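Right, one structure below, let's go through it.
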Amino acid sequence: MNGPRIAVIGAGMAGLAAAITLQTAGATVTVIEKSRGLGGRVATRRVGDLAVDHGAQNIKPGESALHSLMTNQLSSKDLVQIEKPVCLWSTSAGVHAADEERNESPKYSYYNGINTIARLLAARLQELGGTVILNATVHHFATNGGTVELFDNNNVSFGEFQGVVVSAPLPQAADIVATSAPFTPEPILLLDRVRSLRQVEYRSCISIMLGYYNAPPPPDYYALLAQDRTADLQWLAFESSKGPSHCKGTHDVLIAQMGPRFSKYCYFEEDALTASRVISDIRNVVGEPFHSPDWFQVKRWKYSQPIGMVYFDDANPQGSEGLLLVCGDGLRPNAGKIHEAYLSGVEAGERGISLWL
Ligand SMILES: Cc1cc2nc3c(=O)[nH]c(=O)nc-3n(C[C@H](O)[C@H](O)[C@H](O)COP(=O)(O)OP(=O)(O)OC[C@H]3O[C@@H](n4cnc5c(N)ncnc54)[C@H](O)[C@@H]3O)c2cc1C
């Protein structure tokens with residue numbers, strides 16, 4: 001017998017976690033994702049035959065449920081533990097070791113890219129009977145008695161569901177909910193929820209991939225983190241630390257992530273100009289050999305990581321959840337982490353079980 005039909009908007013870590021939790025409990029889940037790939041901000045780009053992680057850089061699950069999922073329940077054959085440490089960099093002290101705590105807990109990616117975890121989760125969902133639809137954007141929903149109907153930008157229906165979980169970054173989740181308010185009998189309740197979702201802003205981040213066909217041997221650290229949290233160049237990582245699919249022979253890729261001020265002011269700038277600024281910062285940090293990349297690509301993350309958080313129960317007040325739950329990294333302490341997004345999805349899934357099953 002089929003369980004209640006539930007829609008999950010977004011196939012990032014939170015959405016996939018919610019979907020699996022609900023499907024395992026007996027719901028029939030459809031995940032609707034606007035991108036052509038899985039994982040959301042857990043993103044890997046193919047550049048030639050290389051896998052390049054240009055969004056989230058590594059998974060540090062600590063002792064969370066995600067750790068046991070990755071190491072015991074999902075296939076771990078492709079999992080790679082990044083052994084080299086993250087070091088700090090500052091203008092005055094140069095490159096130096098970080099405190100032990102920073103490198104204490106294991107950090108992971110996958111040989112074929114960090115978004116392998118999303119592909120494994122989606123495969124698990126599909127094995128359980130769930131469905132994932134890619135390249136499909138939910139514009140709004142409308143409620144009709146005990147069901148909720150989802151629509152795309154052209155007002156084409158995705159069908160009727162008994163519940164919906166929205167896992168988009170909170171400003172986008174707020175937009176979907178606000179657009180839907182006129183199509184519900186109690187718009188005020190939804191608009192109250194929009195207010196709580198809008199409390200959380202997200203910073204933007206420009207991330208640049210730089211390829212060097214004849215890179216010098218990689219250093220004995222995996223990445224550098226700026227000690228000065230207001231510096232333009234915040235993070236510089238060597239993809240080769242993640243194994244052979246991330247580099248080929250002497251072809252190495254550096255990932256530079258720029259701080260909030262730089263990302264805000266250069267957000268609409270030409271790629272070449274942005275890259276030239278970043279390359280000059282990189283040269284100051286790791287020296288002349290990295291002054292002339294053979295290729296680069298610029299990725300702009302409008303909603304990179306949340307600034308602050310809203311509690312799950314404030315975004316989903318008991319009694320008013322009705323047909324709608326919201327989850328994602330902005331609903332967790334330590335906001336802006338993969339394992340926290342996953343835990344938020346599980347929390348939404350469990351609340352959904354008590355509401356809809
Ligand atoms: C540059 C960068 C570096 C980071 N580095 C790290 C790191 O090293 N370690 C770490 O732990 N975390 C890192 N993070 C944060 C981490 O990636 C996020 O916290 C986590 O992936 C958020 O997951 P989520 O499921 O909440 O949201 P998302 O991954 O954003 O998933 C939401 C999904 O919803 C989809 N969506 C949105 N609107 C719609 C719609 N209308 N219809 C259909 N689908 C929709 C989106 O396309 C997306 O796939 C980083 C993030 C960025 C951007």
Side-chain angles (χ1 to χ4, degrees), residues 7-19 30-45 53-62 64 66-67 82 86 105 107-109 114-115 117-118 121-122 132-141 150-153 158 164-177 179-180 200 202-209 222-223 225 234-235 237 242 255-260 263 298-306 309 326-332 334-348:
V8 174
I9 302 177
M13 290 301 286
L16 290 169
T30 302
V31 176
I32 303 167
E33 165 57 51
K34 74 175 177 185
S35 308
R36 63 194 157 109
L38 299 158
R41 284 169 273 162
V42 178
T44 303
R45 188 170 284 182
D53 298 335
H54 65 299
Q57 295 287 286
N58 58 77
I59 310 171
K60 258 174 107 169
S64 71
L66 183 59
H67 186 258
I82 304 166
V86 172
S105 70
K107 48 193 180 297
Y108 301 94
S109 182
I114 197 165
N115 80 341
I117 187 155
L121 288 172
V132 179
I133 305 174
L134 296 175
N135 277 320
T137 301
V138 175
H139 181 255
H140 71 280
F141 56 83
L150 268 51
F151 297 90
D152 73 6
N153 295 330
F158 290 102
V164 55
V165 179
V166 185
S167 76
L170 296 186
Q172 293 177 321
D175 289 345
I176 298 171
V177 178
T179 312
S180 308
V200 183
Y202 281 55
R203 55 177 157 257
S204 56
C205 174
I206 294 179
S207 162
I208 307 206
M209 296 156 263
Y222 149 55
L225 180 68
Q234 277 294 312
W235 172 265
K242 296 176 178 173
I255 305 287
Q257 285 178 356
M258 308 309 288
S263 298
V298 178
K299 167 72 186 171
R300 294 173 180 80
W301 295 96
K302 184 169 180 196
Y303 302 114
S304 161
Q305 277 150 307
M309 64 164 291
V326 178
C327 63
D329 62 346
L331 274 68
R332 294 284 306 174
N334 246 330
K337 293 280 175 254
I338 294 168
H339 63 285
E340 296 285 359
Y342 175 82
L343 292 177
S344 171
V346 171
E347 193 171 9

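One-based numbering, in listed order, for ligands and for the atoms of each. Note that the structure is predicted; figures quoted are calculated from it, not measured.
Side chains of Ser204 and Ser304 form no contact here, defined as non-hydrogen atoms less than 4.5 Å apart. By the 4.5 Å heavy-atom criterion applied to side chains, Ile59 and Val42 are not counted as neighbours. Inter-residue side-chain proximity for Tyr222 and Asn58 is flagged as met; some heavy-atom pair is nearer than 4.5 Å. Contact of the Tyr202 side chain with the Lys302 side chain is not registered, since no non-hydrogen atoms from C-beta on lie closer than 4.5 Å. Side-chain contact between Ser207 and Ile255: present, with at least one pair of heavy atoms (C-beta onward) separated by less than 4.5 Å. Ile133 has its side chain within reach of Thr30: a pair of non-hydrogen atoms, C-beta onward, lies under 4.5 Å apart. Here the side chains of Met258 and Trp235 are not in contact, with every heavy-atom distance at 4.5 Å or above. The shortest side-chain heavy-atom distance between Ser35 and Leu134 does not fall under the 4.5 Å cut-off.
Of all atoms in ligand 1, listed by their number and element, those nearer than 4.0 Å to a heavy atom of Ile32 are 43 (C), 44 (N). For ligand 1, the atoms closer than 4.0 angstrom to any heavy atom of Gly39 are 29 (O). Of all atoms in ligand 1, listed by their number and element, those nearer than 4.0 Å to a heavy atom of Ser167 are 32 (C). Below 4.0 Å from some heavy atom of Gly40 lie the following atoms of ligand 1, by number and element: 29 (O), 48 (C), 49 (O). Interface atoms of ligand 1 facing Trp301, defined by a heavy-atom separation under 4.0 Å, are 1 (C), 53 (C). Close approach of ligand 1 to Gln57 (heavy-atom distance below 4.0 Å) involves ligand atoms 5 (N), 6 (C), 7 (C), 8 (O).
The nearest protein atom to atom 18 (C) of ligand 1, hydrogens excluded, is given as Asp329 OD2, 3.4 Å; this is a heavy-atom distance. Of the protein's heavy atoms, Ala56 CA, 3.3 Å lies nearest to atom 5 (N) of ligand 1. What sits closest to atom 3 (C) of ligand 1 on the protein, heavy atoms only, is Gly55 O, 3.2 Å. Nearest protein heavy-atom contact of atom 31 (O) of ligand 1 is Gly12 CA, 3.5 Å. Looking at atom 42 (N) of ligand 1, its nearest protein heavy atom turns out to be Val138 N, 3.0 Å. Protein heavy atom closest to atom 30 (O) of ligand 1, with residue, atom name and distance, is Arg41 NE, 2.8 Å.
Residue contacts with ligand 1: Gln257 is placed with no nitrogen or oxygen under 3.5 Å of a nitrogen or oxygen of the ligand (distance criterion only). Remark: ligand 1 and Met13 share an N or O pair separated by less than 3.5 Å (distance only, no angle test). For ligand 1, the polar-atom distance check finds no N/O of His54 at less than 3.5 Å from any of the ligand's N/O atoms. Taking any N or O of Ala14, backbone or side chain, at least one lies under 3.5 Å from an N or O belonging to ligand 1. Considering backbone and side-chain N/O of Cys205, none are found under 3.5 Å from N/O of ligand 1. Looking at ligand 1, you'll find an N or O of Lys337 within less than 3.5 Å of one of its N or O atoms. For ligand 1, the polar-atom distance check against Asn58 finds a nitrogen or oxygen pair separated by under 3.5 Å. Between Ile338 and ligand 1, a contact under 3.5 Å exists for at least one N or O pair.
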- Query: Would Asp329 and Arg41 count as a salt bridge (Lys or Arg N to Asp or Glu O under 4.0 Å) if you check the C-alpha gap in whole Å, the side-chain angles of each, and the deciding distance to 0.1 Å?
  - Reply: CA-CA 11 Å; Asp329 62 346; Arg41 284 169 273 162; 2.7 Å; yes
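The residue from Ala17, Ala168, Gly328 that puts a heavy atom closest to atom 37 (C) of ligand 1 is Ala168. Of the listed residues (Ala341, Gly330, Ala237, Ser109), the one carrying the non-hydrogen atom nearest atom 20 (C) of ligand 1 is Ala341. For atom 39 (C) of ligand 1, the nearest non-hydrogen atom from the set His339, Gln234, Lys34 comes from Lys34.
Neither the backbone nor the side chain of Lys60 has any atom closer than 4.0 Å to an atom of ligand 1 (non-hydrogen atoms only). Under 4.0 angstrom from ligand 1, the non-hydrogen atoms of Ile176 all belong to its side chain. If you look at Ser207 next to ligand 1, there are no close heavy atoms at all, none under 4.0 Å. In Ala136, the part holding a heavy atom less than 4.0 Å from any atom of ligand 1 is the backbone.
Aromatic pair His140/Phe151: ring centres closer than 6.0 Å.
Residue Ala173 places no heavy atom under 4.0 Å from ligand 1.
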